[in-house]
There are 2 protein chains.
Amino acid sequence: MKVTEINSWQSVKAEVMRRIVERIWLPGDLVPNEVDLAEEFGVARATVNRAMRDLADAGLLERRRKAGTRVALNPTRKATLEIPITRLEVEQRGWIWRHAILEREESVAPVVVASRLGLPVDTPMLHVRSLHYANSHPFLYEDRWVNISAVKGICDVSFQTIDANEWLVQNATFTRGDISFSAANATAQEAELLEASVGAAIFVIDRTTWNGDIPVTVVRLAYAPGYRMHTEI
Amino acid sequence: MKVTEINSWQSVKAEVMRRIVERIWLPGDLVPNEVDLAEEFGVARATVNRAMRDLADAGLLERRRKAGTRVALNPTRKATLEIPITRLEVEQRGWIWRHAILEREESVAPVVVASRLGLPVDTPMLHVRSLHYANSHPFLYEDRWVNISAVKGICDVSFQTIDANEWLVQNATFTRGDISFSAANATAQEAELLEASVGAAIFVIDRTTWNGDIPVTVVRLAYAPGYRMHTEI
DNA sequence: CAAAGTATTATGTACATACATAATACAATA
DNA sequence: TATTGTATTATGTATGTACATAATACTTTG
């Protein structure tokens with residue numbers, strides 16, 4: 001007899017997950033179809049569908065019309081990680097956040113930036129370099145290029161009170177983006193800014209964003225040594 | 001007049017997204033409730049709900065019962081990144097994957113591992129250290145501890161044909177896990193194994209997994225210099 | 001007047017039904 | 001036999017209704 005009753009999509013999900021985890025359904029196996037499962041569990045098909053869709057999103061199941069649903073051969077778990085706003089990230093750790101602009105000038109896009117965004121090299125852009133502090137210690141060095149024509153009003157913002165990241169996040173909504181994470185040895189400049197030694201391992205995030213087909217920003221975030229990005233799955 | 005007709009949850013999502021991106025609905029704004037939107041769009045409430053739930057999952061909306069739905073003040077976009085199987089990751093880049101076991105021995109958990117998993121220090125564990133190659137170049141150094149009692153049959157597996165990661169992914173399904181990403185300077189050992197210079201910046205993933213409350217594995221993945229983890233949002 | 005209780009409201013979920021769509025299997029045809 | 005067409009099937013989605021739940025607003029009561 002069952003200990004837990006199945007009457008919600010969450011419980012269907014839990015039960016299906018149990019069968020996968022306990023290897024009642026093996027990787028690659030075709031699992032019963034929604035109608036049969038609905039009958040077995042005594043719920044509506046829509047409820048089973050909701051649960052199965054959720055598990056497919058998580059990468060535990062693979063579903064294809066007509067072909068049916070299978071336990072994923074390689075249950076590629078998907079971790080969702082939030083792209084944080086630095087101020088909040090620092091404050092959440094109970095530290096005091098501070099921010100300083102190192103440079104802010106309008107100029108044309110350098111080749112490397114222009115090519116990355118797919119823009120002509122003479123596109124007018126805003127270059128902002130800034131440093132974020134946590135409890136007066138350098139936390140993050142931010143090097144950002146903004147496509148001026150894509151973000152209305154950016155030329156009138158001083159970035160003294162809020163930082164570019166935060167302002168852009170609220171004002172330059174983007175429809176899609178591209179992120180990569182890597183490790184790099186600190187350059188002399190980065191080492192000095194982040195109060196680290198030259199060559200120290202630096203966690204780097206490179207992000208490019210678009211609004212539809214219009215490039216918005218390229219930004220490189222270099223974190224002070226010791227930074228960890230964390231998530232759960 | 002509308003160019004695109006709204007008749008599916010996808011189109012509702014697109015339209016809501018448009019209103020957010022084009023700042024018709026500003027960050028923090030309370031948006032119309034599901035019933036009203038359903039009426040406006042000429043679809044059922046369930047359809048609106050599906051669209052709105054999707055956008056809330058993506059971090060663009062914030063929803064609370066009774067309080068209603070708001071455009072997220074800080075549209076913290078969530079990036080989903082897939083936890084890859086190294087062999088596939090290498091092969092997808094068109095390289096030839098190879099794998100070598102450096103060490104494989106049963107012993108009790110060292111303090112640092114035991115404490116991380118919340119296990120007593122005398123728990124019998126399997127320690128596997130291995131190296132992944134891409135086109136005969138070192139790609140990833142993997143240092144793994146497995147809770148033997150949590151994974152049936154692991155002692156009978158040699159890991160000659162498939163690697164520990166892949167075997168575990170298929171055989172030691174976990175219900176939850178914990179991942180952190182960081183940058184580290186290569187130790188002498190890591191440098192030698194990865195054919196890098198000592199101190200080179202190494203991208204590191206630390207992962208711990210549980211099956212319910214039972215700890216399964218702790219693993220540290222140290223990637224050869226130049227590795228980038230990539231995702232889209 | 002403060003605390004406790006109650007009504008209201010927007011989202012969350014369940015269900016039955018219906019039809020759409022993609023992928024497969026099978027039959028018919030050149 | 002290869003190809004084209006057709007039936008079948010499992011998932012995908014839309015709808016209307018109903019009730020659950022959480023959070024707020026309001027009212028009653030001590």
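Letters A, B, ... are given to chains in the order of the sequence lines, protein chains preceding strands, and every chain is numbered from 1. Atoms considered below: every heavy atom in the structure, side chains included; atoms not considered: hydrogens, waters and symmetry mates.
Considering only side-chain atoms of B:Lys66, the nucleotide from D:dT15, D:dA22, C:dA22 that sits closest is D:dA22.
Relative orientation of the A:Phe139 and A:Tyr227 rings is perpendicular, given thresholds of 30° and 60° on the angle between their planes.
The distance between atom CG of B:Asn49 and atom P of C:dT13, rounded to the nearest whole Å, is 8 Å. The distance between atom CG of B:Leu55 and atom P of C:dT11, rounded to the nearest whole Å, is 13 Å. Taking atom CG of residue A:Leu37 and atom P of nucleotide D:dG12, one finds them 13 Å apart after rounding to whole Å. Regarding B:Leu30, its CG atom lies at a distance of 13 Å from the C1' atom of D:dA23, rounded to whole Å.
Regarding contacts with the backbone of D:dT9, every side-chain N or O of A:Asn33 stays at 4.0 angstrom or more from both OP1 and OP2. Checking the phosphate oxygens (OP1, OP2) of D:dT13, no side-chain nitrogen or oxygen of B:Thr47 falls inside 4.0 Å. Dashed line: the shortest gap from a side-chain N or O of A:Arg63 to OP1 or OP2 of D:dG12 is under 4.0 Å. Checking the phosphate oxygens (OP1, OP2) of C:dA10, no side-chain nitrogen or oxygen of B:Thr69 falls inside 4.0 Å. Listed pair B:Gln10 / D:dT13 meets the phosphate criterion, a side-chain N or O lying under 4.0 Å from OP1 or OP2.
B:Val35 comes within 4.0 angstrom of nothing in the nucleic acid, heavy atoms only. Within 4.0 Å of B:Asn7, counting heavy atoms only, lie sugar-phosphate atoms of the nucleic acid but no base atom.
Residues B:Ala67 and A:Ala44 each lie close to DNA chain C; by heavy-atom proximity, the contact nearer the 5' end of the strand is made by B:Ala67. Each of A:Trp9 and A:Arg64 was matched to the nucleotide of DNA chain C holding its nearest heavy atom; the match closer to the 5' end belongs to A:Trp9. Of the two residues near DNA chain D, B:Arg50 and B:Arg45, the one whose nearest nucleotide lies more 5' is B:Arg50.
Between A:Arg87 and A:Glu142, no side-chain nitrogen of the basic residue sits less than 4.0 Å from a carboxylate oxygen of the acidic one, so the salt-bridge criterion is not met. With respect to B:Arg228 and A:Asp206, a salt bridge is recorded, a charged nitrogen being found less than 4.0 Å from a carboxylate O. The pair A:Asp54-A:Lys13 counts as a salt bridge, with a side-chain nitrogen and a carboxylate oxygen less than 4.0 angstrom apart. Under a 4.0 Å N-O distance rule, the pair A:Glu34/A:Arg45 qualifies as a salt bridge.
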